[in-house]
J.: 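Quick one: structure below, then a few questions.
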Amino acid sequence: MGVASTIATVSVRIVSVRATIVSAGFVAAVALPGLRTLLQDEPGDGFPLSTYPMFDEDPGRVLELPTVVLETGERVEHLSPRLIAGTDQVIQAWEAVKAAVAGGPATAGALCIEVADRVHRPGEVAVVIERHDVRDWSHHRDATPLDRRTIAHCPAQP
Amino acid sequence: MAGRAQKRGSGQRSPVPAERVAVLRILVGAYVVAWSLARLPEHLTSAGQPDHRWQPVGVWALSDGPPARAAVVALAVATPVLGLLFAAGRWFRVAGPACAVALLALATLDSSWGQVFHTENLVVLHVGILALAPGVADALVLGGRRQREGSGGYGWPVRLCAVVVVLAYVVSGVAKLRGEGLGWASGDALRNLVAYDNLRKQLLGDTYSPLGRRLSSQGWAFPPMAVATLAVELGAGVALLGGRWRTGWVAAAYLFHVGVLLLMAIVFPYQLSGVAFASFLPLERLPERLRRRARSPGPLVHPDRRASHSDQGPAVSGPPTG
């Protein structure tokens, strides 16, 4: 029974050490991004260990928002994330448009062509930047942008 | 730390039973199955994304380009299967870690196309914790394997899952204060964020919250919401006190995510399913209740009990006895 008791004690100690190591590891891993947030100017983000930066900064009231539209005559239709970037995730589509616009007319043009290949309707695809007052929009759903400027345009492929 | 607490019990008044961590395993595993099946079409689609959109994070950070389509398909198909084994507790020594690795790889893949998702962080961490903890499959295993005697140590993985949830919310609150200082509590940032997020969704042809749009025209609504948000996030530690503090915080955190859904059309499925907060609760009561319900005779009386329940009408199962 002495041997069995010793084995049991050693087993409990092994479990205990394992619990401590795993717990310490996870706590440190999850908490460290928070420390980075406090200590660094640009702490970045990651997965699954995140700084959770969403909603941390005020975007302001007047904003410039890039997007992709389909113009058919007078009508302007905002295209879906699926048509813009082949994804159901709106932020992925947003990042794709932002990157294309930031890259200049050539990359915006490439995005335009990529989108046009997905839009099987007549019209003109345009990569645009719209300037909006978010407070005005909150009062009027169909509030028009303060202005809209086209970065690239190309015909859709019906 | 957690080891000493295990000897005393779970840091609570009595030792944590194996059923608690087992129910947690089942709930988390079931969520993994549901999530990976619901996302299967998108996971298969993302395999066809253009390479120039690849912005790897986490375990994919060192990868030059996206993984081969065949690898993505294999991962997308394997994850729900491994999730099922995880939930069932079958072959857990292999299936547990395999599920953790597959989920980590798949969820990180989702976040490597220009958007870091913040909806699956907790489930990935919870699966990782449970996969590394012994005794998680000591009880409630499909196939009815007998509980291993004396394995003990059931409290620390449950507690760690709860601690990780608390830390995640605190880090989120710290990020808000770091960005705007205490001014975040004034509500202006939140108001603009709600309006901006909904407007962006509209401009990108996506579903947005009409309620959020209308409410952002009302400035008075946002200071209390901002204060409540910071209280839930920075005050998450109270949940570890147990009792009413725990219950109150879990309820508040859940309502916070309901609010996010209503005002911003943003779904945190792990939280809204309740599984994210399961580690705070006495989960072993679930199987106890189910067993009690299975034992207790209801209106449909077994023939052997007709003598005791003669006022409830004839038996509806089995031939009459005697």
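Heavy atoms only: backbone and side chains are in, while hydrogens, waters and symmetry mates are out.
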J.: Give a yes-or-no answer on whether the side chains of B/D206 and A/H78 include a donor-acceptor pair shorter than 3.5 Å.
T.: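 Short answer, no.
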J.: Check B/R39 with A/D88, please: is the shortest side-chain N to carboxylate O separation under 4.0 Å?
T.: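 Salt bridge present between A/D88 and B/R39.
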J.: Shorter than 4.5 Å, heavy atoms on both sides: which option in A/K98, A/R82, A/E130 has the most such pairs with chain B?
T.: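 Most pairs with chain B among the choices: A/R82.
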J.: Output the option from A/G60, A/P53, A/A31 having the highest count of non-hydrogen pairs under 4.5 Å with chain B.
T.: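 Going by pairs under 4.5 Å, I would pick A/G60.
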J.: Start with the C-alpha gap between B/Y208 and A/W137, add the side-chain angles, then the distance that decides, and say whether ring pair (Phe, Tyr, Trp, His ring centres under 6.0 Å) holds.
T.: CA-CA 13 Å; B/Y208 69 95; A/W137 178 79; 5.6 Å; yes
J.: Tell me, side chain or backbone of B/V164 under 4.5 Å from chain A's heavy atoms, or both, or neither?
T.: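 It is both, since atoms from each part get that close.
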J.: In terms of heavy-atom proximity below 4.5 Å to chain A, should B/F117 be classed as side chain, backbone, both, or neither?
T.: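 Backbone plus side chain of B/F117, per the 4.5 Å heavy-atom cut-off to chain A.
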J.: Under a 4.5 Å heavy-atom cutoff, which of B/N121, B/L104, B/V171 has the most pairs with chain A?
T.: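 It is B/N121.
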J.: Looking at chain B, which one of A/G46, A/A29, A/P81 has the largest number of heavy-atom pairs inside 4.5 Å, strictly under?
T.: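 Highest number of pairs under 4.5 Å: A/P81.
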J.: Among B/A168, B/G58, B/G128, which residue forms the greatest number of heavy-atom pairs with chain A at distances under 4.5 Å?
T.: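 Looking at each of B/A168, B/G58, B/G128 in turn, B/A168 comes out on top.
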J.: Let me know if A/L70 has heavy atoms under 4.5 Å from chain B in its side chain, its backbone, both or neither.
T.: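 Neither part.
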J.: Shorter than 4.5 Å, heavy atoms on both sides: which option in A/P66, A/P33, A/A85 has the most such pairs with chain B?
T.: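 Heavy-atom pairs under 4.5 Å are most numerous for A/A85.
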J.: Is B/L103 close to chain A through its backbone or its side chain, or both, or neither, when contacts mean heavy atoms under 4.5 Å?
T.: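 Looking at B/L103, nothing touches chain A.
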J.: Taking 4.0 angstrom as the limit, do A/R148 and A/E64 come out as a salt bridge?
T.: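 Between A/E64 and A/R148 there is no salt bridge, as every charged N stays at least 4.0 Å from the carboxylate O atoms.
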J.: Could you tell me which non-hydrogen atom of A/L38 sits nearest to which non-hydrogen atom of B/R178, and how far apart they are?
T.: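 Where A/L38 meets B/R178 most closely, the heavy atoms are O-NE, 3.8 Å.
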J.: Measure distances from A/D41 to the heavy atoms of chain B and classify the residue's part below 4.5 Å as side chain, backbone, both or neither.
T.: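 Interface part for A/D41: both.
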J.: A/L79 versus chain B, heavy atoms under 4.5 Å apart: side chain, backbone, both or neither?
T.: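 Interface part for A/L79: backbone (N, CA, C, O).
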J.: Checking the side chain of A/S50 only, and the main-chain atoms of A/F47 only, is there a donor and an acceptor separated by less than 3.5 Å?
T.: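 No, because the side chain of A/S50 does not come within donor-acceptor range (under 3.5 Å) of the backbone of A/F47.
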J.: May I ask you to check whether B/Y31 and B/H126 show a side-chain donor-acceptor distance below 3.5 Å?
T.: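 No, no side-chain donor-acceptor pair sits under 3.5 Å.
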J.: Any salt bridge (charged side-chain N to carboxylate O under 4.0 Å, His left out) involving residues 104-116 of chain A? Give me the pairs, sequence neighbours left out, ordered by first then second residue.
T.: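 Sorted result for residues 104-116 of chain A: A/E114-A/R118, A/E114-B/R53.
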J.: Less than 3.5 Å apart, any donor N or O on the side chain of B/N198 or B/S209 sitting next to an acceptor on the other?
T.: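 Result is no, nothing qualifies.
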J.: Using non-hydrogen atoms only, which part of B/I129 is less than 4.5 Å away from chain A: side chain, backbone, both, or neither?
T.: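 Both parts, backbone and side chain.
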J.: Please name all residues satisfying side-chain contact (heavy atoms from CB on, under 4.5 Å) with B/L193, sequence neighbours left out, ordered by chain then number.
T.: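 Applying side-chain contact (heavy atoms from CB on, under 4.5 Å) to B/L193 gives A/F55, A/P59, B/W184.
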J.: Quick test of your reading of the model: are A/D56 and B/K176 salt-bridged, counting only N-O distances below 4.0 Å?
T.: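 No, no charged N to carboxylate O under 4.0 Å.
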J.: Looking at A/R121 and A/E77, is there a salt bridge between them, counting it only when a charged N and a carboxylate O are closer than 4.0 Å?
T.: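 Salt bridge between A/E77 and A/R121, a charged N being under 4.0 Å from a carboxylate O: yes.
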J.: Using heavy-atom distances under 4.5 Å, tell me whether B/S111 contacts chain A through its side chain, its backbone, both, or neither.
T.: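 Answer is side chain: those atoms of B/S111 sit under 4.5 Å from chain A.
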J.: Who wins among B/S172, B/G179, B/S112 for the most heavy-atom pairs under 4.5 Å with chain A?
T.: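 Maximum pair count with chain A is reached by B/S172.
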J.: Where does B/Q218 contact chain A at under 4.5 Å (heavy atoms): side chain, backbone, both or neither?
T.: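 It is neither, since no heavy atom gets under 4.5 Å.
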J.: Based on non-hydrogen pairs under 4.5 Å, which of B/V174, B/V123, B/V170, B/V57 is most in contact with chain A?
T.: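 Sorted descending by pairs with chain A, the first entry is B/V174.
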J.: With only heavy atoms counted, which part of B/L204 is less than 4.5 Å from chain A, the side chain, the backbone, both or neither?
T.: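 Both parts, heavy atoms under 4.5 Å.
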J.: So what's closer than 4.5 Å to chain B heavy atoms on A/A99: side chain, backbone, both or neither?
T.: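 Neither; nothing under 4.5 Å.
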J.: Fit a plane to each ring of B/Y169 and B/F256, take the angle between them on a 0 to 90° scale, and name the class: parallel (under 30°), tilted (30 to 60°) or perpendicular (over 60°).
T.: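 B/Y169 and B/F256: perpendicular rings.
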J.: Between B/L190, B/V163, B/L167, B/L215, who has the most heavy-atom pairs with chain A when the cutoff is under 4.5 Å?
T.: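 Of B/L190, B/V163, B/L167, B/L215, B/L167 has the most heavy-atom pairs under 4.5 Å with chain A.
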J.: Given a strict heavy-atom distance threshold of 4.5 Å, which part of B/E120 is in contact with chain A: side chain, backbone, both, or neither?
T.: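 Interface part for B/E120: both.
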J.: What residue, out of B/T108, B/D197, B/V59, has the most heavy-atom pairs lying under 4.5 Å from chain A?
T.: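 Most heavy-atom pairs under 4.5 Å with chain A: B/T108.
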J.: First locate atom OG1 of A/T37, then atom CD of A/Q40, and finally report the distance between them rounded to the nearest 0.5 Å.
T.: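 Taking OG1 in A/T37 and CD in A/Q40, the distance rounds to 8.0 Å.
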J.: Answer with side chain, backbone, both or neither: which region of B/A61 has an atom nearer than 4.5 Å to a non-hydrogen atom of chain A?
T.: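 Neither part, no heavy atoms under 4.5 Å.
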J.: Any idea which of A/R61, A/H140, A/M54 has the most non-hydrogen atom pairs under 4.5 angstrom with chain B?
T.: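 Going by pairs under 4.5 Å, I would pick A/M54.
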